[in-house]
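Working notes, structure below.
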Amino acid sequence: MDNLTFRYSVLLVEGLQITPQSSQLTFIFLLMAYVFAMVSNIGILIQISAEKSLHQPMYILFCHLPVSDIMGTTLLIPRLLKDLMTDPSERYITYVECVFQAFFTHLYGTTSNIILMIMAFDRYVAICNPLRYPTIMSNKMIVKLSAGAWGAAIVPVSILIGLSVRLSHCRSFIANHFCDNPSLFKLSCENTVINNVYGLTFTVVLLTSSLGWVLLTYLRIVMVCIKSKNKATNSKAIKTCSTHLAVYIIMQICGFVPIVLHRFPVYAETRKFGGVMFHIIPPGLNPIIYGLQSKEIRQRMLKMFINKS
């Protein structure tokens, strides 16, 4: 078959291997989780946009996280819900759709890491250089950091997916519940050493730089807090940093599970479950954590409910 024709052919997705009875419960759970994640993230964006008191660098940078979360949960859950109600032999997806899903899957994970790195930098400047904070975190700097976060994610992810798209294909079965980069290059019978090397290097560089940067900034913040004798300042620093750290740890744990289990085919179903949780837990918990910890957002939500009452 001509390679160009094959690229636009239809692929069969394995999906989740669960019983028909479990499919209904899984469908309800995923639907509720998706609706909650969408409503909470869109709600946070609307609140920050509407309330002028929240137009601060910390909240403006945080806005990128709900956008990324909406993208991450939307690219997987609706498709998964459809597949749960479809016979396993009819879970088809076009190659083009598969490529787009793989691209945005990796973009979601990459942007989430970079955005949280930038937010760590914001907290570092606010706590360690409070007098220079307005100067450093100017509107111009916010625009640069925002553009840089998405640009630094789009470029390497485009290369990652591009290396897989260039390959010819001899298979039409996706042994996964959604399309990602490994699913794409496993369709080929060609040598995929370059794909494996670049993919592993990309993952290692992203995770080590993310962990290293966050660890470094928090060590500096801890040192400043130890030296400072202002209990009110230290308390505020701990409160704001604990929120960011909780979100970061949740994302890393949810992200590490499918990455590690990809190396162990015997745990394929566990890996699938971990992949679904990566697209549900962070998008669902991030708005709750920031909404409950942020006094400004809590007051805005309380005011909104009082006005409605």
Side-chain angles (χ1 to χ4, degrees), residues 11-42 65-88 90-93 97-113 116 157 161 173-184 186 199 203 207 246-289:
L11 308 174
L12 180 64
V13 181
E14 183 180 39
L16 297 175
Q17 301 297 301
I18 55 179
T19 63
Q21 294 78 12
S22 300
S23 295
Q24 296 178 0
L25 293 175
T26 305
F27 181 91
I28 294 172
F29 169 74
L30 291 178
L31 179 60
M32 292 175 63
Y34 177 67
V35 171
F36 177 80
M38 293 296 290
V39 170
S40 56
N41 279 287
I42 293 174
L65 201 56
V67 171
S68 178
D69 287 341
I70 290 170
M71 175 182 68
T73 189
T74 300
L75 70 90
L76 174 63
I77 304 304
R79 175 75 200 191
L80 204 56
L81 291 174
K82 177 185 175 183
D83 287 344
L84 285 171
M85 295 294 102
T86 305
D87 187 271
E90 298 179 358
R91 293 172 179 171
Y92 296 112
I93 186 173
E97 289 175 327
C98 190
V99 170
F100 272 101
Q101 190 178 57
F103 175 80
F104 285 106
T105 294
H106 292 280
L107 184 65
Y108 161 62
T110 306
T111 51
S112 296
N113 268 284
L116 288 171
V157 170
I161 302 302
F173 181 68
I174 302 293
N176 202 0
H177 59 304
F178 70 102
C179 295
D180 56 5
N181 186 58
S183 300
L184 283 177
K186 285 178 182 178
T203 303
L207 294 180
V247 170
Y248 183 79
I249 291 174
I250 290 171
M251 188 200 69
Q252 291 299 335
I253 292 175
C254 293
F256 265 116
V257 171
I259 291 175
V260 172
L261 292 182
H262 244 301
R263 308 297 172 183
F264 303 95
V266 68
Y267 298 114
E269 291 306 312
T270 305
R271 171 179 55 79
K272 291 179 183 179
F273 176 77
V276 173
M277 292 302 101
F278 179 62
H279 290 79
I280 289 179
I281 295 179
L285 290 183
N286 290 348
I288 296 176
I289 294 173

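Everything numeric in this text was worked out from a predicted model, so none of it was measured.
- Side-chain contact, Ser183 with Asp180: a donor N or O sits under 3.5 Å from an acceptor N or O.
- In this structure, the side chain of Ser40 engages the main chain of Ala37 through a donor-acceptor pair within 3.5 Å.
- Cys98 approaches Leu184 most closely through the heavy-atom pair SG-CD2, 3.8 Å.
- In this structure, the separation between CE on Met71 and OG1 on Thr105 is 8.5 Å, given to the nearest 0.5 Å.
- The nearest pair of heavy atoms linking Thr26 to Leu84 is CG2-CD1, 3.9 Å.
- The shortest distance between side-chain heavy atoms of Asn176 and Lys186 does not fall below 4.5 Å.
- Between Asn41 atom CG and Asn286 atom CG the span is 7.0 Å, to the nearest 0.5 Å.
- Between Val257 and Met277, the closest side-chain pair of non-hydrogen atoms is not below 4.5 Å.
- Using a 4.5 Å heavy-atom cutoff, the side chains of Phe278 and Ser112 are not in contact.
- In this structure, the separation between OH on Tyr108 and CG on Asn113 is 10.0 Å, given to the nearest 0.5 Å.
- Closest approach of Asp69 to Pro282, counting heavy atoms only: OD2-O, 4.0 Å.
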Worked check of side-chain contact (heavy atoms from CB on, under 4.5 Å) between Met38 and Thr74:
CA-CA 8 Å; Met38 293 296 290; Thr74 300; 3.5 Å; yes
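- No more than 12 heavy atoms of other residues, nucleotides or ligands lie within 6.0 Å of CD in Gln24, so this atom counts as exposed by the packing criterion.
- Note that CD1 of Ile288 and CZ of Phe36 are 3.5 Å apart. Values are rounded to the nearest 0.5 Å.
- The environment of CZ in Phe27 is crowded: more than 12 heavy-atom neighbours from other residues, nucleotides or ligands sit within 6.0 Å.
- Between Gly72 and Leu75, the shortest heavy-atom contact is O-CG, 3.4 Å.
- Across all non-hydrogen atoms, the minimal contact from Thr111 to Ser68 is OG1-OG, 3.0 Å.
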Quick one, His106 with Ile161, criterion side-chain contact (heavy atoms from CB on, under 4.5 Å). Give me CA distance, side-chain angles, the key distance, then yes/no.
CA-CA 9 Å; His106 292 280; Ile161 302 302; 4.0 Å; yes
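- Remark: Phe100 CZ is loosely packed, at most 12 non-hydrogen atoms of other residues, nucleotides or ligands lying under 6.0 Å away.
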Between Ile281 and Ile250, does the side-chain contact (heavy atoms from CB on, under 4.5 Å) criterion hold? Intermediate values first, please.
CA-CA 8 Å; Ile281 295 179; Ile250 290 171; 3.8 Å; yes
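- Side-chain contact between Leu80 and Leu16 is present, with at least one heavy-atom pair separated by less than 4.5 Å.
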Determine whether Val276 and Leu30 satisfy the following criterion, side-chain contact (heavy atoms from CB on, under 4.5 Å), listing intermediate values before the conclusion.
CA-CA 9 Å; Val276 173; Leu30 291 178; 3.7 Å; yes
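- Using cut-offs of 30° and 60° for the angle between ring planes, the His279 and Phe178 rings count as perpendicular.
- The distance from atom SG of Cys179 to atom CG of Leu76, rounded to the nearest 0.5 Å, is 10.5 Å.
- The shortest non-hydrogen separation linking Lys272 to His177 is O-NE2, 3.3 Å.
- Residues Leu81 and Met85 are not in side-chain contact: their nearest non-hydrogen atoms beyond the backbone lie 4.5 Å or more apart.
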